[in-house]
Number of protein chains: 2
Amino acid sequence: MSHMVYCCLMTLDREQVLRSAAALLTRKSTATMDEVARAAGIGRATLHRHFAGRDALVKALESLGIQEFEAALDAAALDEGSCEEALRRLVAAVEPSAGLLSFLVTENQLFEGDEVNEGWNRLDARVSALFRRGQERGEFRIDLTPAWLTEAFYGLVSAGAWTVQVGRVAGQDFQYMIVELLLGGARRSVGQ
Amino acid sequence: MSHMVYCCLMTLDREQVLRSAAALLTRKSTATMDEVARAAGIGRATLHRHFAGRDALVKALESLGIQEFEAALDAAALDEGSCEEALRRLVAAVEPSAGLLSFLVTENQLFEGDEVNEGWNRLDARVSALFRRGQERGEFRIDLTPAWLTEAFYGLVSAGAWTVQVGRVAGQDFQYMIVELLLGGARRSVGQ
DNA sequence: ACCATATGAGACATGAATGTCTCACCGGAG
DNA sequence: CTCCGGTGAGACATTCATGTCTCATATGGT
């Protein structure tokens, strides 16, 4: 059928392929096009019909990651209520995409090149704004810059995704680990 | 001269080459053997005389990173005094190697393969032991496992190295950022 | 049943990185 | 000065991922 139903500018096939590619590349970032195709249960030729080449695949993955992260930011409603609760909602919303995000973040090949996808700037700005709002509300300390807190957020999400994947901690603890460390740190407070 | 002075099982030449290779690969993990050679100011043939191939180079880099990290652990004297102070010493000692560590950590190609260098297990155990000692001393909270705190430590060191490198924060703040976030978190405590 | 489309498998060429080789050159030791 | 080990430059073959192609097949609608 040539008249397929489009959803979000992406066919269902394409979406499925992209999902499995993300899952594979998250684990093995150097996976070959053939491996990606096999992982998706399709032939290499078909993969090439969907994505012109490896670059196009990675770009599509980048778009997917940005889209998912942006959706997580929307779902978390960062402007509402306390910033601590907003951060908890954000981590919960971003968990399903953590692996993909981790892959994209470490794929610094994207960042060293000509031009970065402007989507990352938008995302950085929104996360950074959350931390700034928390500082202005007196919830977050002001001696750590929003820029650093944003990078630390990415770093901890990646570390959490990795740690869960290798089985060093249970996936059930993902949100708790990240939020608690990011908010409260490792030091035992007097009250606890 | 065929009778060269050996130091730490490594010639001075080899050491220099390894340093610049680490610096380059930290920035561009996909750098070519030729690029590595140029960065070291030597010819590709000479690079091959020092390291049989790319794999050997990466292995040597891994050994160097492990060696430096182990030296940092020694210098930090993790068993002495409070664990908070020990952690501060560790971050300070590890700062010069942060870029190399970041490269090696993200080079998951090393971890997905046949066998991981047993050195990583030793390092993990020592860092983990620090956090466990802190928990036993009542300094650190016990609801975050030493395994997670260890991974978070790696993640924050990597994030810090990256953030400093791209100029998002000043290199001068490296230690403070990491230690303060890892120990105290982003939440503003009542006393502050 | 027929046809159109998409697919999988494989062959093939291309390009890039790698690994090996030779050769001319340089600098120091004898 | 002469010799010799180390070096840089380049040529060369090899390997591997990639990209393109063809063709037989399966699927699905008419």
Side-chain angles (χ1 to χ4, degrees), chain A residues 1-7 9-62 103 106-110 112-114, chain B residues 1-7 9-62 103 106-110 112-114:
Chain A
M1 250 312 174
S2 60
H3 301 285
M4 307 190 71
V5 178
Y6 279 76
C7 170
L9 297 174
M10 194 179 304
T11 69
L12 294 177
D13 278 359
R14 205 180 148 95
E15 175 86 13
Q16 295 290 350
V17 171
L18 227 36
R19 294 285 169 190
S20 60
L24 174 60
L25 289 174
T26 294
R27 279 177 290 125
K28 182 179 178 180
S29 60
T30 62
T32 219
M33 288 293 275
D34 192 75
E35 292 175 293
V36 172
R38 297 307 172 98
I42 63 177
R44 198 164 65 96
T46 305
L47 180 60
H48 268 280
R49 287 185 191 104
H50 284 309
F51 305 97
R54 189 184 179 74
D55 288 348
L57 176 64
V58 174
K59 282 283 180 64
L61 237 26
E62 188 184 25
F103 162 70
T106 61
E107 190 82 349
N108 40 16
Q109 195 163 12
L110 296 171
E112 83 200 2
D114 18 350
Chain B
M1 253 312 174
S2 59
H3 300 286
M4 307 191 72
V5 178
Y6 280 77
C7 170
L9 297 173
M10 193 179 306
T11 69
L12 293 179
D13 278 359
R14 205 181 148 96
E15 175 86 14
Q16 296 290 348
V17 172
L18 227 36
R19 294 284 170 189
S20 58
L24 174 59
L25 289 174
T26 294
R27 280 176 290 124
K28 182 180 178 179
S29 59
T30 62
T32 222
M33 288 292 276
D34 192 76
E35 292 175 293
V36 172
R38 298 307 172 99
I42 63 177
R44 197 163 66 96
T46 305
L47 180 60
H48 268 280
R49 288 185 191 103
H50 284 309
F51 305 97
R54 188 184 182 75
D55 288 348
L57 176 64
V58 174
K59 282 283 180 62
L61 237 26
E62 188 185 25
F103 162 70
T106 61
E107 191 82 346
N108 40 17
Q109 195 162 13
L110 297 170
E112 84 200 3
D114 19 351

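These numbers come from a predicted model, not from an experiment. A note on names: the letters A, B, ... follow the listed sequences, proteins ahead of strands, and every chain is numbered from 1.
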| Any residue meeting salt bridge (Lys or Arg N to Asp or Glu O under 4.0 Å) with B:Arg19, in chain and number order, not counting sequence neighbours | B:Glu15, B:Glu68

| request: Under the side-chain contact (heavy atoms from CB on, under 4.5 Å) rule, collect the residues that match up with A:Arg38, sequence neighbours excluded. | output: A:Asp34

| field | Under-4.0 Å side-chain N/O to phosphate OP1/OP2 contact, A:Thr46 with C:dG8 | value | yes

| How would you list, by chain and number, every residue that makes a side-chain contact (heavy atoms from CB on, under 4.5 Å) with B:Ala22, sequence neighbours excluded? | B:Leu61, B:Leu100

| remark: Under a 4.0 Å heavy-atom criterion, the protein footprint on nucleotides 10-27 of chain D, written with B, S and -, is -B-----SBBB-------

| message | Going by side-chain contact (heavy atoms from CB on, under 4.5 Å), name the residues that satisfy it together with B:Ala60, two or more places apart in sequence or in a different chain. | response | B:Arg14, B:Leu18, B:Phe51

| Between P of C:dA6 and CZ of A:Arg14, the distance in whole Å | 15 Å

| Listed partners of B:Thr46 passing side-chain contact (heavy atoms from CB on, under 4.5 Å), at least two apart | B:Ile42, B:Arg49, B:His50

